[in-house]
Amino acid sequence: MNREDRLEKFQGVHIAPSILSADFARLGSAIAEVMEAGAKVIHFDVMDGQFVPPITIGPLVAAGIADQVHDAGGVLDVHLMIEQPDRQFEEFAKAGADSITFHAEATPHVHRALGAIRELGCLAGVALNPGTPVEAISELRGSADLILAMTVNPGWGGQAFIEESPGKVSRLKPLADGALIEVDGGIGTGTAGRMTSAGASLLVAGSAIFGSPDPAAAYSEILQAARAG
Ligand code: DX5
Ligand code: ZN
């Protein structure tokens with residue numbers, strides 16, 4: 001897939017199940033379950049024990065699931081919560097990432113890093129922590145495909161949604177210059193509608209889907225709530 005095909009796959013309102021909350025002993029079937037329910041964007045959380053305390057998964061696991069996601073018509077949305085993210089872009093692109101999002105707080109070279117991701121043919125995303133002002137992206141002028149507004153502090157699934165987030169996304173929207181707005185953390189049926197109303201179209205949900213006894217049903221309910229917003 002080239003960048004244009006990838007961009008098309010991300011259009012519209014999407015709920016992106018975060019596999020961070022899935023059972024890793026049966027990762028393939030957990031992914032199949034949500035994709036059969038209609039999910040097209042699979043969110044992949046990479047943590048390095050430095051930018052955030054936990055260590056999670058890397059390119060090896062991304063490569064292990066990429067074919068399954070692509071064969072089912074989906075895309076792999078990689079969220080890097082790591083220091084020196086630019087050192088890893090190529091490995092994730094090779095592993096099959098469709099979008100690569102790094103944190104603005106993790107590099108002084110946000111503009112250059114976005115360009116490096118696009119050169120690899122992937123969608124380029126930049127993430128902002130809850131405490132980072134929206135103005136951090138105001139000079140990017142079309143160089144980002146995705147802006148990820150964290151709606152919890154990064155590092156763990158299952159945290160409480162930060163209530164100021166819809167207001168922040170509303171302020172972010174006019175600065176995004178056409179980039180898609182993604183939100184991540186504490187998204188479920190109670191918060192999804194508020195985020196789409198504020199201007200987000202890609203909503204990550206981890207524990208609300210994989211922590212549910214019926215992940216497929218949970219996915220559908222969150223999508224419905226997001227569309228109703
Ligand atoms: C947290 C990760 C999230 C996480 C969200 O730092 O970036 O993607 O999986 O989990 P929930 O939806 O449970 O808040
Ligand atoms: Zn994430």
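All values derive from a computational prediction rather than experimental measurement. Each ligand, and each atom within it, is numbered from 1 in the order the structure gives. For reference, positions follow the sequence shown, starting with 1.
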Counting each atom of ligand 1 from 1 as listed, which ones have a heavy atom of [X] under 4.0 Å away?
X: Gly185; answer: 14 (O)
X: Gly157; answer: 10 (O), 13 (O)
X: Pro154; answer: 6 (O)
X: Ala205; answer: 12 (O)
X: His79; answer: 7 (O)
X: His43; answer: 8 (O)
X: Ser207; answer: 11 (P), 12 (O), 13 (O)
X: Leu20; answer: 4 (C), 9 (O)

Identify the protein heavy atom lying closest to [atom], giving its residue, its atom name and the separation to 0.1 Å.
atom: atom 6 (O) of ligand 1; result: Gly155 N, 2.8 Å
atom: atom 14 (O) of ligand 1; result: Gly186 N, 2.8 Å
atom: atom 11 (P) of ligand 1; result: Gly158 N, 3.6 Å
atom: atom 1 (C) of ligand 1; result: Trp156 O, 3.5 Å

- Message: Under 3.5 Å, is there a donor on one side chain and an acceptor on the other for Asp77 and His79?
- Response: no
- No-hydrogen, no-angle side-chain donor-acceptor test under 3.5 Å, Asp184 and His43: yes
What N/O/S atom of [X] is the closest to the Zn ion (ligand 2)?
X: Asp184; answer: OD2
X: His79; answer: ND1
X: Asp45; answer: OD1

With distance as the sole test, does [X] use its side chain to make a donor-acceptor pair with the main-chain N or O of [Y] at under 3.5 Å?
X: Arg171; Y: Gly167; answer: yes
X: His14; Y: Lys9; answer: yes
X: Asp145; Y: Leu7; answer: no
X: Tyr219; Y: Pro17; answer: no
X: Thr196; Y: Arg227; answer: no
X: Lys168; Y: Pro130; answer: yes

- Message: Geometry only, no angles: is Asp45 polar-contacting ligand 1 at N/O separations under 3.5 Å?
- Response: yes
- Task: Compute the shortest N/O to N/O distance between Met150 and ligand 1 and return yes if it is under 3.5 Å, no if not.
- Result: no
- So how far is it from Met195 CE to Glu182 CD, rounded to the nearest 0.5 Å? 11.5 Å
- Message: To the nearest 0.5 Å, what is the distance between CZ on Arg6 and CG on Leu76?
- Response: 9.5 Å
- 4.0 Å heavy-atom contact, Asp184 with ligand 1: yes
- Query: Does Met81 reach the side chain of Thr56, with side-chain heavy atoms less than 4.5 Å apart?
  - Reply: no
- Would you tell me which option among Gly206, Ala208, Ser18 has the nearest heavy-atom contact to atom 9 (O) of ligand 1? Ser18
- Message: Taking Arg26 first and then Glu33, would you say they form a salt bridge - that is, a charged N and a carboxylate O separated by under 4.0 Å?
- Response: yes
